[in-house]
Amino acid sequence: MASRLISVDRWAAGSQVYFLTHLHSDHADGLSSSWANGPLYCSRLTAKLFPFKFPEFNLSLIRVLPIGSWHSLSLLSPSGSEMHLQVMAIDALHCPGSVMLVFRGEFGCLLYTGDFRLEAACERARRSRNMLLGALEDQVVDIIYLDNTYCNPSYDFPPRQVAANQVVNIILSHPEHDVIIGIDTLGKEDLLYHVARVLKIKIWVWPERLRTMHLLGLYDIFTTNTSLTRVRAVPRYSFSIETLEALNKIHPTIGIMASGLPWLKPGLQMSKTFSGSFLTSRSKRAPGRANCEFRSDRQSGNTGALERLHEYIYSVPYSDHSNFAELKEFVKLVRPNNLKGIVSSSSCCTEPMYLGRHCGIKQPAKQLHMNHTSKGSIEREVAVSTKASFLNDDFVESESKRQKTLKVKSSGFRSSKFRALRRMSRGAKIWEHNS
DNA sequence: GCGATCAGAT
DNA sequence: CACATCTGATCGC
């Protein structure tokens, strides 16, 4: 049906142009060094980081989209005529290089937010909002494709600035401890930078991550020398109770997980908050252990929960996705005719519709995530609602990317032991100069 | 042996 | 009850 002229964060063949909103692997996977399906548009910073993630990639395919200016494209429409459209990238403040995309053309005006967070009090976010409003001028956004990751009123967490200060306070209250902070391959640099600046310390990162920091222009505060600092940012997958227990045999150490848990409004489902989280580990489940003494420092209101999850581990509600209130404000600002979520998961499957009601959008029965089984009919709906068939399938497919299949798992003892050993060996890198 | 893909774990 | 990312198994080459 639809000819799929454009793909966003989707890499199957068949489109004429491709857009990458940011370099997190759940958006970039499918790309590879051998990928050559068409020109790939991304922000300048993403383009700079790109060869680090895909060393063999044919860089001649990459097109830089400058932030804040319209870029014109001519595509061949299914009927064989030339189709003109324009696209603008706007800083999404999700991770370095992340952008949202505004498309306009004979099909109307579409806004694809990608993953984003524009906090109310943030100056850089204010610039993005203004840029967006300037781009829209008097145009109506026909469809907003929204980062609905936390599009549910129960997701209520503070601005990143607040959470960053919580991290600072936790470190300050443990003056004799080493500290590890779990991070991913990209993102949370602002948090680390804030911690380093306020505490006037350097932060250890692993060598690959240091190279990323340098690509981002951060040269001074990060080091791979553990003797220079007591604060280390470690890969999230090596951040575990086992790691902390091992580290504590050598030196008192606390772990801080920035994000990692859903942050529910006080009073909502608190009893199950910790089940199934990253803290679910074999040692935690061992009977008779006193290592699950959750102390809730949750304050009233929504200033954000500071949770001590474990004698060594704190969780801080630091999120690079918008919370519900922010999503609501954003949709009110954009006032789209139609609203669709880009993430499909159990907690937000019907929430775009809910958000639309909150924001006064008159929304026909077209929302995308009624359930996961009616995708075919959804695609037909979208084809109608966009007035033109050229974007449709790929947007829809990008939304179904993160669908999870629930399966019964069987993990063998051998593999778990192997994993533990592997973690230890990675941990050894973490404390190499201490032991 | 290698890359792509998937399941599973964290 | 999330996200992002890693490993290992499997498959096709």
Side-chain angles (χ1 to χ4, degrees), chain A residues 9 11-13 22-35 53-57 94-95 98 114-117 147-157 182-188 206 208-209 212 234-244 255 257-265 268-285 305 309 313 315 317-324 341-349 351 401-427:
Chain A
D9 294 346
W11 315 111
H22 65 289
L23 259 181
H24 279 155
S25 60
D26 56 331
H27 292 255
D29 274 1
L31 287 171
S32 69
S33 46
S34 58
W35 188 89
K53 191 164 176 106
F54 301 103
E56 308 295 319
F57 196 89
H94 170 69
C95 71
S98 67
D115 291 349
F116 81 109
R117 188 170 190 195
D147 172 15
N148 58 319
T149 304
Y150 294 123
C151 189
N152 182 306
S154 57
Y155 289 126
D156 179 41
F157 41 83
I183 61 169
D184 294 314
T185 56
L186 188 64
K188 309 257 194 299
W206 63 101
E208 280 215 315
R209 198 59 160 92
T212 303
V234 304
R236 182 154 59 162
Y237 63 86
S238 72
F239 184 106
S240 68
I241 289 175
E242 286 93 338
T243 302
L244 265 299
M257 205 57 204
S259 93
L261 286 176
W263 312 276
L264 299 174
K265 262 192 164 146
L268 292 176
Q269 291 188 2
M270 283 307 292
S271 63
K272 289 200 157 189
T273 297
F274 305 108
S275 65
S277 77
F278 71 96
L279 284 175
T280 304
S281 75
R282 286 156 197 90
S283 65
K284 175 187 164 187
R285 272 186 255 113
L309 298 177
I313 298 181
S315 172
Y318 188 100
S319 170
D320 288 320
H321 295 275
S322 307
N323 66 27
F324 183 74
I342 63 173
V343 178
S344 176
S345 72
S346 54
S347 66
C348 51
C349 55
E351 292 312 317
K401 265 178 67 174
R402 300 190 206 172
Q403 288 180 16
K404 301 212 167 132
T405 46
L406 301 172
K407 292 258 164 71
V408 183
K409 61 162 172 67
S410 64
S411 63
F413 169 74
R414 187 207 301 264
S415 82
S416 72
K417 193 169 177 184
F418 182 74
R419 262 176 240 283
L421 286 169
R422 196 176 58 229
R423 260 200 313 276
M424 293 298 289
S425 74
R426 224 186 315 269

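Worth saying up front: this structure is predicted, and the values here are computed from it rather than measured. When reading the values below, keep in mind they use all heavy atoms of this one structure, side chains included, and skip hydrogens, waters and symmetry mates. Chain letters run A, B, ... following the sequence lines, proteins first and then strands; every chain starts at 1.
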Strictly below 4.0 Å: does [X] bring a side-chain N or O up to OP1 or OP2 of [N]?
X: A/S238; N: B/dT10; result: no
X: A/T185; N: C/dT5; result: yes
X: A/H27; N: C/dC3; result: no
X: A/S25; N: C/dC6; result: no

Find the distance [X]:[atom1] to [N]:[atom2] and express it as a whole number of Å.
X: A/D9; N: C/dC3; atom1: CG; atom2: C1'; answer: 15 Å
X: A/D29; N: B/dA4; atom1: CG; atom2: P; answer: 11 Å
X: A/H24; N: C/dT5; atom1: NE2; atom2: C1'; answer: 10 Å
X: A/L23; N: C/dT5; atom1: CG; atom2: C1'; answer: 14 Å
X: A/L186; N: C/dC3; atom1: CG; atom2: C1'; answer: 14 Å
X: A/D184; N: B/dT10; atom1: CG; atom2: P; answer: 16 Å
X: A/N323; N: C/dC1; atom1: CG; atom2: P; answer: 21 Å
X: A/D147; N: C/dA2; atom1: CG; atom2: P; answer: 14 Å

May I ask you to say what A/S32 touches in the nucleic acid, namely base, sugar-phosphate or nothing, with a heavy-atom cut-off under 4.0 Å? sugar-phosphate
Classify the angle between the aromatic ring planes of A/Y150 and A/F157 as parallel (below 30°), tilted (30 to 60°) or perpendicular (above 60°). perpendicular
Give the ring-plane orientation class for A/H27 versus A/H22, where under 30° counts as parallel, over 60° as perpendicular and anything between as tilted.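 The rings of A/H27 and A/H22 sit tilted, inter-plane angle from 30° to 60°.
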Find the runs of at least 3 consecutive base pairs, i with j, i+1 with j-1 and so on, that include DNA chain B, using Watson-Crick or G-U wobble geometry with both distances under 3.5 Å.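 The stems are B:1-10 with C:4-13.
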Close side-chain approach of A/F239 and A/I313, heavy atoms under 4.5 Å: yes
On the side chain of A/R236, is there an atom forming a donor-acceptor pair with the base of C/dC6 - under 3.5 Å, no angle test? no
With a 4.0 Å cut-off, would you call A/D320 and A/R117 a salt bridge? no
Taking the side chain of A/S34 as its heavy atoms from C-beta onward, which of C/dA4, B/dA4, C/dC3 lies nearest to it? B/dA4
Where the side chain of A/T149 is concerned, which of C/dA4, C/dC3, C/dT5 is the nearest nucleotide?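 Comparing C/dA4, C/dC3, C/dT5 against the side chain of A/T149, the answer is C/dC3.
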Working note: A/K53 + A/S25, criterion side chain to side chain contact (heavy atoms under 4.5 Å, CB included); need CA distance, chi angles, decisive distance, verdict. CA-CA 9 Å; A/K53 191 164 176 106; A/S25 60; 3.7 Å; yes
All heavy atoms of A/Y155 vs all of A/N323, minimum pair found to be O-CB, 3.8 Å
Evaluate the side chain to side chain contact (heavy atoms under 4.5 Å, CB included) criterion for residues A/H321 and A/C151: first the C-alpha distance (whole Å), next the side-chain angles of each, then the deciding distance (0.1 Å), finally the verdict. CA-CA 10 Å; A/H321 295 275; A/C151 189; over 6 Å; no
